[in-house]
Amino acid sequence: MKCRRLIFIFGDHLSHRVSSLDGADPQKDVVLMCEVAEEATYVRHHKKKIVLIFSAMRHFADELCIRGISVRYVRLDDSDNSGSFTGELRRAVATLSPDCVVVTEPGEWRVRQDVLRWQSMFGVLVDVRRDGRFLCSHEEFTSWADGHRTLTMEFFYRHMRRRTKLLMQENDPVGGQWNFDSENRAPAKPDLGLLDPLELCKAAERAYLEGSAPLNAVEGFIRQIIGWREYVRGMYWRFMPEYADRNFFKASRPLPDLFWTGKTEMACLSSAITDTIENAYAHHIQRLMVTGNFAMLAGLDPFALHEWYLEAYADAFEWVELPNVIGMSQFADGGLLGLTPYCASGSYISRMSDYCKGCKYDVRRKTGKSACPFNFLYWDFLDRHAGELSAIRRLHQPYATWRRMTEDRRNKYRQSASAFLERMDEGLSV
Ligand code: DLZ
Ligand code: SF4
């Protein structure tokens, strides 16, 4: 059997509007989808994540069949499954002798490297199409980034506002300012799966124009979509593969077992990790201010943490997870993505949650055995990294406080931190 086009659809491209399906001819074209061991094992994935992806893939394949499109679907347990995307394409090309292979650019750097080799490897034309779920192409991002010395999200966002004309009056932002979020909240991870970003933003803009939604909410939403989401993806592609190895603080401590067991006396961390293990999900505060914050303060290896997040969270795809962990959460990129590290002591966690009430540690105590570890780890972290961090404006005040303390007081923080970290390194309960 000979098909005209072989359309390869990956597990993160399950949309009927995916660009690889544009112009698909049900009479002549064949879709290839495969469950491969390589994807499930290059990092360990949470079982729920794999189930979620395979189940979504199988449903999508059924929908394509209903539309009359032929699908070559390879299941994980098919006896001749070669275990990799490249191996499965080889088998499909041999069986179907397509005139060309069509694929939407993969979301992951590693997979893109494979895709770029296919044409010469198999001697068949490979048509790699843009991913229409993003507004900003790689070329556009590159040309924006080449024209700027500091790649801050805010300037990228303004570029995108002008370019999409969303919430714009001529050349000015509607309402006279770009940003209505006075709190400057940490960005929530935008997760819009299979929807068209521009349509979504236009709908939000319409809600504002019709008076059914306030400007600050609509602007915040649009910033998440055309700002953060596009920016994070653009930065991922611009700085991969070296971005994954960034380690600004040279942090090298392996993740302690408690990341897999949830067993710790720290109520907030225990709950964040247990929730993650059980549900393959944790909310934003838990990810950033509890797990991420702890990892940074304790000097855990950022790459190991990245692998843990990718493994643990069902909704983690590398292009969004990696910049969020290496950049936003760990500041391991030295401030390329975020202007300041998200470090906080126990009092912040206490204000944002009610974990502290049920905790063995006392959030009001600063040093000593019963003190909340986030308190002394926070000061010890600032002290260890004063060389890298003391010039950051947002940290001027904490560093001034640190300098005002007596040397004796500062030593108590240092001692509490090193005693705690030693216990943790030895595998003792903390
Ligand atoms: C995450 C994942 C896993 C675990 N398995 C597969 C798979 O077997 N087949 C597949 O097409 N996609 C899988 N995915 C989603 C991949 O991360 C995603 O398809 C690639 O990274 C493409 O960039
Ligand atoms: Fe977490 Fe410290 Fe509060 Fe315990 S006291 S829950 S360790 S912030």
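As the structure lists them, so they are numbered: ligands from 1, and atoms in each ligand from 1.
- Of the listed residues (Asp383, Asp380, Asp408), just one forms a salt bridge (Lys or Arg N to Asp or Glu O under 4.0 Å) with Arg414, and that residue is Asp383.
- Considering backbone and side-chain N/O of Gly11, one or more are found under 3.5 Å from N/O of ligand 1.
- Applying the 4.0 Å criterion to heavy atoms of Glu35 picks out, from ligand 1, the atoms 8 (O).
- Interface of Gly107 with ligand 1, defined as ligand atoms under 4.0 Å from a residue heavy atom, comprises 23 (O).
- In this pair, Tyr413 and Trp379 present their aromatic rings tilted. The plane angle is within the 30 to 60° band.
- Proximity of the aromatic rings of Trp308 and Phe259 is defined here by a centroid distance below 6.0 angstrom, and this criterion is met.
- At least one N or O atom of Val36 sits closer than 3.5 Å to an N or O atom of ligand 1.
- Of the charged side-chain nitrogens involved, none lies within less than 4.0 Å of a carboxylate oxygen, so that Asp99 and Arg4 do not count as a salt-bridged pair.
- Atom 3 (Fe) of ligand 2 has Cys356 SG, 2.3 Å as its closest protein atom, hydrogens excluded (heavy atom only).
- Looking from atom 2 (Fe) of ligand 2 to the surrounding protein, the closest heavy atom is Cys372 SG, 2.3 Å.
- Contact check on Arg423 versus Glu426 returns no salt bridge, with no Lys/Arg side-chain nitrogen under 4.0 Å from an Asp/Glu carboxylate oxygen.
- Under 4.0 Å is where a charged nitrogen must lie from a carboxylate oxygen, and between Arg246 and Glu242 at least one such pair does.
- Salt-bridge annotation for Arg158 and Glu154: present, with a side-chain N of the basic residue lying under 4.0 Å from a carboxylate O of the acidic one.
- Taking only non-hydrogen atoms, the option from Trp109, Phe85, Phe317 nearest to atom 15 (C) of ligand 1 is Phe317.
- Near Pro106, meaning under 4.0 Å from any of its heavy atoms, are these atoms of ligand 1: 23 (O).
- At a 3.5 angstrom cut-off on N or O pairs, Ile53 does not count as close to ligand 1.
- In terms of N/O distances under 3.5 Å, ligand 1 is not approached by Arg110.
- Set against the non-hydrogen atoms of Met266, the atoms of ligand 2 under 4.0 Å away are 7 (S).
- If you number the atoms of ligand 2 from 1 as listed, the ones under 4.0 Å from a heavy atom of Tyr355 come out as 6 (S).
- Salt-bridge check for Glu139 with Arg130: failed, with every basic side-chain N at 4.0 Å or more from each acidic carboxylate O.
- Where the criterion is an N or O separation shorter than 3.5 Å, residue side chain and backbone included, Cys34 meets it with respect to ligand 1.
- A centroid separation of 6.0 Å or more is found between the aromatic rings of Tyr236 and Trp109.
- Near Val363, the atoms of ligand 2 lying under 4.0 angstrom from a non-hydrogen atom of the residue are 5 (S).
- The existence of a salt bridge linking Asp362 and Arg364 is confirmed by a sub-4.0 Å separation between a basic side-chain nitrogen and an acidic carboxylate oxygen.
- Using a 4.0 Å cut-off between charged side-chain N and carboxylate O, Glu318 and Arg110 make no salt bridge.
- Taking backbone and side-chain atoms together, Cys268 has an N/O/S atom less than 2.8 Å away from atom 1 (Fe) of ligand 2.
- Every atom of ligand 2 with a heavy atom of Tyr361 under 4.0 Å away is listed here by number and element: 5 (S).
- Between Arg75, His13, Glu108, Met33, it is Glu108 that holds the heavy atom closest to atom 17 (O) of ligand 1.
- Of the charged side-chain nitrogens involved, at least one lies within less than 4.0 Å of a carboxylate oxygen, so that Glu105 and Arg233 count as a salt-bridged pair.
- At a heavy-atom cutoff of 4.0 Å, ligand 1 is contacted by the side chain of Val111 but not by its backbone.
- With atom 4 (Fe) of ligand 2 as the reference point, the heavy atom nearest to it among Cys359, Pro373, Ser370 is part of Cys359.
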